[in-house]
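Here the structure comes first, spelled out in structure tokens, and everything after it is commentary.
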Amino acid sequence: MDFQADIIDRVIKNAIQVMENSKYQMFEILDTARTELVTLNQELQSVLKETAETIEKVDQLEMNYRRSRIRLTEVSRDFVRYSEEDIKQAYEKATQLQLDVMIFREKEMYLKARRDDLQKRAKSVEASVERAETIGSQMGVVLEYLSGELGQVTRIIESAKNRQFIGLKIILAQEEERKRISREIHDGPAQLLAHLVLRTEIVERMIAKQEFKMVQDEIVDLKKQVRSSLEEMRKVIFNLRPMALDDLGLIPTLRKYVQDFEEKTKIRALFETRGKEHRLSSAMEAAIYRLIQEALTNAAKHAYPTYVLVEITYQAQLVKIVVQDNGLGFKPELFQQKSKDHGHFGLIGMRERVELLEGRMEIESAENQGTKIVIHIPTNVEKGKE
């Protein structure tokens with residue numbers, strides 16, 4: 001019997017390893033596909049807008065060109081009324097308008113072709129994302145089952161429905177974070193870079209037509225766009241992993257984050273510290289930073305407060321975190337059921353993180369009386385557990 005158990009254990013471990021590798025590969029594929037889909041949709045909207053503007057510009061230029069041709073015919077026939085200089089100016093204006101019409105017609109054709117291509121690609125990628133999401137969720141649930149101990153099989157089966165729900169919610173929470181990062185990259189650097197590509201293609205055509213004055217103006221604008229892209233990329237990098245967290249420590253980084261939160265949300269935010277501040281391990285500081293980030297995000301998204309307080313107290317062997325707001329509030333005993341019903345998983349996810357740190361989280365709230373979250377995290381955890 002023990003021999004058979006060992007064989008089953010090895011089989012399950014091998015299966016877990018294979019599933020883990022496949023899961024990460026699937027998530028990478030899914031993340032890439034999501035990023036591509038967001039980029040395609042944003043680029044498509046930009047191309048649609050620019051196409052409409054270009055069509056309107058072509059119509060206006062064609063109208064002006066027809067008028068200039070009429071004017072040229074008029075001055076060319078009446079030598080008594082108009083001088084040679086008038087004829088020359090009319091001819092140059094008509095020629096310039098003709099050249100502008102040709103340039104913008106070519107741009108219009110290019111944009112229409114680009115629009116059709118983006119629409120086809122977006123539909124294809126969207127179908128791939130849906131299939132990958134289904135497969136990834138199924139793999140996550142299966143892996144959750146396989147990771148349990150053999151002696152707990154009966155308990156896992158009895159609580160299958162609940163564990164499946166929690167497992168799916170954890171995956172969805174992780175994917176929501178990836179979606180947020182994808183949106184930040186797309187709405188900022190990706191959109192600007194896509195626009196830069198289009199502008200450089202237009203510059204190439206202008207150079208071919210020797211429109212050097214227009215090329216110079218385009219290059220000046222491109223320089224501004226590149227600087228803007230660089231600034232957006234720096235913001236995304238800071239949100240992913242604030243470098244100040246490693247360089248300056250937890251408190252200065254949180255103080256800056258709370259200030260930025262106040263500026264962004266227009267919610268009055270106060271940050272306070274108590275006790276003797278000291279550096280924690282890199283992993284511990286990152287975990288505390290993410291907990292406070294999640295708490296403030298939840299407050300702004302669901303509680304609609306006008307004031308929030310973040311307080312950190314350093315004690316001998318633990319760190320106490322308090323995040324309090326004057327928002328809508330809720331009944332703490334019902335928050336888990338409310339999270340299931342409305343798809344809000346923030347507080348449950350925070351509690352899971354705190355438990356991983358061997359800490360505890362308490363929630364004080366009442367309807368229309370705000371919410372207070374108190375977290376105690378021990379700082380003397382063994383490095384392995386940490």
Side-chain angles (χ1 to χ4, degrees), residues 173 176-177 180 235 238-239 241-242 244-281 283-336 338-339 342 344-379:
E176 282 299 320
E177 179 66 7
R180 182 189 67 79
K235 290 180 181 178
F238 178 84
N239 289 333
R241 172 69 182 184
L245 200 58
D246 297 319
D247 298 337
L248 303 178
L250 178 63
I251 299 304
T253 305
L254 279 175
R255 184 173 286 111
K256 179 64 168 58
Y257 175 76
V258 172
Q259 291 175 354
D260 293 342
F261 173 84
E262 183 177 53
E263 294 176 2
K264 180 180 179 181
T265 62
K266 308 304 179 185
I267 299 172
R268 186 181 170 219
L270 181 64
F271 179 74
E272 295 182 352
T273 60
R274 301 180 185 277
K276 185 177 180 181
E277 176 189 344
H278 56 273
R279 292 298 301 266
L280 305 173
S281 69
M284 182 72 72
E285 289 187 342
I288 294 174
Y289 178 85
R290 294 304 180 193
L291 284 169
I292 294 175
Q293 187 181 45
E294 181 69 22
L296 291 180
T297 300
N298 288 338
K301 187 176 181 181
H302 303 299
Y304 306 106
T306 59
Y307 169 82
V308 294
L309 166 67
V310 178
E311 180 182 280
I312 295 184
T313 302
Y314 285 89
Q315 299 180 10
Q317 295 183 342
L318 65 83
V319 172
K320 178 183 177 183
I321 304 166
V322 177
V323 180
Q324 186 172 2
D325 66 70
N326 65 346
L328 298 179
F330 57 90
K331 295 180 179 179
E333 63 274 13
L334 300 178
F335 90 91
Q336 186 168 358
K338 182 178 178 182
S339 298
H342 299 279
H344 304 324
F345 201 60
L347 291 176
I348 298 177
M350 289 177 60
R351 176 158 286 173
E352 292 290 337
R353 293 185 187 182
V354 172
E355 290 176 355
L356 288 175
L357 296 171
E358 297 187 5
R360 71 180 190 274
M361 185 174 86
E362 301 167 356
I363 301 174
E364 301 175 12
S365 184
E367 293 184 349
N368 301 317
Q369 295 185 23
T371 301
K372 181 178 181 181
I373 300 175
V374 181
I375 301 173
H376 296 85
I377 298 178
T379 56

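The model shown is predicted, which means the values in this text are computed figures rather than measured ones.
Judged as a salt bridge (charged side-chain N to carboxylate O under 4.0 Å, His left out), the pairs with a partner in residues 305-315 (not counting sequence neighbours) are, in order, R274-E311.
Looking at L270 and Y307, their side chains come closer than 4.5 Å, going by heavy atoms from C-beta outward. Counting heavy atoms from C-beta on, the side chains of K256 and L248 never come closer than 4.5 Å. Residues E285 and R279 have side chains in contact (heavy-atom distance under 4.5 Å, counting atoms from C-beta outward). Side-chain contact check for L291 versus I377: some heavy-atom pair is nearer than 4.5 Å.
The two residues A316 and T379 make their nearest non-hydrogen contact at O-OG1, 4.3 Å. Contact detail for P378 and G359: the closest heavy-atom pair is CD-CA, 3.8 Å. Contact detail for D325 and A303: the closest heavy-atom pair is OD1-CB, 4.0 Å.
For the atom pair CZ (R353) and CG (L357), the distance works out to 10.0 Å, reported to the nearest 0.5 Å. Here CE of M284 is found 11.0 Å from CG of L250. Values are rounded to the nearest 0.5 Å. Interatomic distance, K276 NZ to Q315 CD, rounded to the nearest 0.5 Å: 15.0 Å. Expressed to the nearest 0.5 Å, how far CZ of F271 lies from CD1 of I292 amounts to 6.0 Å. For the atom pair I288 CD1 and I321 CD1, the distance stands at 4.5 Å (nearest 0.5 Å). The CD1 atom of I267 lies 9.5 Å from the CD atom of E262; values are rounded to the nearest 0.5 Å.
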For V308 and V323, run side chain to side chain contact (heavy atoms under 4.5 Å, CB included): C-alpha distance rounded to whole Å, both residues' side-chain angles, the deciding distance at 0.1 Å, then the answer.
CA-CA 7 Å; V308 294; V323 180; 5.7 Å; no
CA sep, side-chain torsions, deciding dist, call: V374, K320, side chain to side chain contact (heavy atoms under 4.5 Å, CB included):
CA-CA 7 Å; V374 181; K320 178 183 177 183; 3.8 Å; yes
Could you go through the side chain to side chain contact (heavy atoms under 4.5 Å, CB included) check for L356 and E352 one step at a time?
CA-CA 6 Å; L356 288 175; E352 292 290 337; 5.7 Å; no
Using distance only, find each side-chain donor-acceptor pair of residues 364-373 under 3.5 Å and give its atom names and separation, not counting sequence neighbours.
residue, atom, partner, partner atom, Å
S365, OG, F330, N, 2.9
S365, OG, F330, O, 3.1
S365, OG, G370, O, 3.0
S365, OG, T371, OG1, 3.0

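With sequence neighbours excluded, the residues that form a ring-ring contact (aromatic ring centres under 6.0 Å, His included) with Y314 are H278.
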